[in-house]
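Everything numeric here is computed off the predicted structure, so don't read it as measured data.
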Amino acid sequence: MTAVAIRTRNLTRTFETVRAVDGISFEVPSGIVFGFLGPNGSGKTTTIRLLLGLLEPTSGSAEVLGFDTATHADDIRQRCGALLEHTGLYERMTAEDNLEFYGRVWHLNAAERQQRIHDLLDAVGLWDRRKEPVGNWSRGMKQKLAVARAMLHRPQIIFLDEPTAGLDPIAAVALRDELAALVQQQGVTVFLTTHNLAEAEKLCQQVAVIRQGQLMMIGSPDELRLRQGGSRLEIVGRGFTEAALSILRQQPQVKEVTRQDQHITITLKDDADTAPLVQLLVSQGVQIDEVRRGKASLEEVFLTLMEEDKHVE
Amino acid sequence: MLNDIFTLIWKEWKEVFLQRSSGRMGLVSLLIFVGMFGIFLPLQSGVEWLVSPMSMALAMWMPIFLVLGLVTDAFAGERERHTLETLLASRLSDTAILFGKIGAGVAYGFTFALVTLIVGAVTINIAFPAGGLKFYTPALFFGGLAFSLLTCLLMASLGVLVSLRSPTARVAYQKLSIVMLVIVLLPTLLLPLLPEDLQMSVQMALQNINWGAIMLVAAVVLIAAVAVLIGLAKARFQRAKLILD
């Protein structure tokens, strides 16, 4: 397998007047879960379609596993699995028949198909229900089956387009855990689009943020949090007077202070020392119950990015 | 390639039989079809059924209505049920998908034509046992099968082309039904409107017609039409267009 699984250079796709993907360039190393984050309509699905060679770019180029998407789309599809916007399951057919069909499509021999179907259905907890038509299943079960189908032929890359969209929180967590376990077992590269930031934070080693077709940021979740949010200090206590907060805001290591009832959040510049800030608050008569140091969540980073972009507009 | 085409035919058949077996009249309607053209009509015609090109042509023409139901669903149905994009994202080539869809329709209609022919021969032998074992003449039997294969191929190619261009399976079915009504019913409706002497001459011409020559011309026309329709379907089959439609 090549060290870089996916590479795009100024990838652009225009639909009449809309620029769905606008000159994005990024690289996805092999063997990681890569999160492609963005709000609805930001160009995530179009990017997947471009990478699978289902759409041709208006300009720019993309390579998947070293193959150009414009000229070697068949070679790419041969080596990739996909769970797209819809599950793509044949609802009149049973779970087993759905996998049997795609097993035949990928030329797995009968014994291999049987074994693989058993292993994957067992892994996602659907083996006992393999003889049921999938039309009557819940969305969560269908999503799990579709993930199993995407992994059936041991692809080198799996594209998952919002795999937990529309699932209730319990089903989403279950699918996420099973997805993580499957990915670990199979050792594939995963290109995952989502607008669920918690999901990205738990699953992805690298994430990219896209908005209105443009790439806003790329890096590991930790890098993004540090780059965008910096570290922060949360203090729970009593006696947060305006005077105390005002002095706090004047400290060189403090970027921002927000207050909510008996709880303040201090956003710090770089990796500042926090002990003097706590001492300062105590000297101002604040009674401190709890101090927590942490980083902004990916969700906060994402929202900040979206807000910043709105201000620029 | 052939393997991929058979895989797609397997899936299409699985789906159509599951659909039929889930409805109250699904599989029964297939039995009615075989009963009508394999039992009832042969009984009406008697031993003449085994030598009459007209009866053979009727029996061979009818399976196209079965093909119609299957092929209109080919792309429009997959698009409607959101399974098309996943299929297009698979390793299957354009040609394999297109020929798989056409092949499924052809195999479906042709199988029923073959079953109907055999049931017809069995019916005649049971109902009219005198004179020993009887069967179609080889020319009639193989000619009939070839004609059936071509009509099914024509219908499947036309159906797939219409299905490629239709938003839903229902719309595709409606479009093709109109075409079929015009082709099948128009001559039947127009014939009684002709002056009586003209009707007589048409009937005379039909009785004295050289069926062999007619079948040969029809076969050539059908092959040409099929080639054109497959060419059009291949030109129309573009993954990007199918996804954006």
* **Interface residues of residues 78-100 of chain B facing chain A - heavy atom cut-off under 4.5 Å** =>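 Residues of residues 78-100 of chain B touching chain A at under 4.5 Å: B:Glu78, B:Arg81, B:His82, B:Thr83, B:Glu85, B:Thr86, B:Leu87, B:Leu88, B:Ala89, B:Ser90, B:Arg91, B:Leu92.
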Decide if atom [atom1] of [X] counts as having more than 12 heavy atoms of other residues, nucleotides or ligands within a radius under 6.0 Å.
| X | atom1 | answer |
| --- | --- | --- |
| B:Phe6 | CZ | no |
| A:Glu91 | CD | yes |
| B:Lys14 | NZ | no |
| B:Arg165 | CZ | no |
| A:Glu132 | CD | yes |

* Asked: Of the listed residues (A:Val105, A:Leu84, A:Leu83), which shares the most heavy-atom pairs with chain B below a 4.5 Å separation?
  ->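 With the most close heavy-atom pairs to chain B, the winner is A:Val105.
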* Asked: A:Met93, A:His86, A:His153, A:Glu100: which one forms the most heavy-atom pairs within less than 4.5 Å of chain B?
  ->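 Result: the option with the highest number of such pairs is A:His86.
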* Nearest 0.5 Å, what's the CD-OH distance between B:Glu15 and A:Tyr90? ->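 It comes to 6.5 Å.
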* From A:Arg49 CZ over to B:Leu244 CG, what is the distance, rounded to the nearest 0.5 angstrom? ->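 These two atoms lie 6.5 Å from each other.
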Structural part of [X] lying under 4.5 Å from a heavy atom of chain B:
| X | result |
| --- | --- |
| A:Leu54 | both |
| A:Asn98 | neither |
| A:Phe159 | neither |

* Asked: Which of the residues B:Gln238, B:Arg239, B:Lys241 is involved in the greatest number of heavy-atom pairs with chain A at under 4.5 angstrom?
  ->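 Maximum pair count with chain A is reached by B:Arg239.
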* Do you know which of B:Leu8, B:Asn3, B:Thr7 makes side-chain contact (heavy atoms from CB on, under 4.5 Å) with A:Arg104? ->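 Passing option: B:Thr7.
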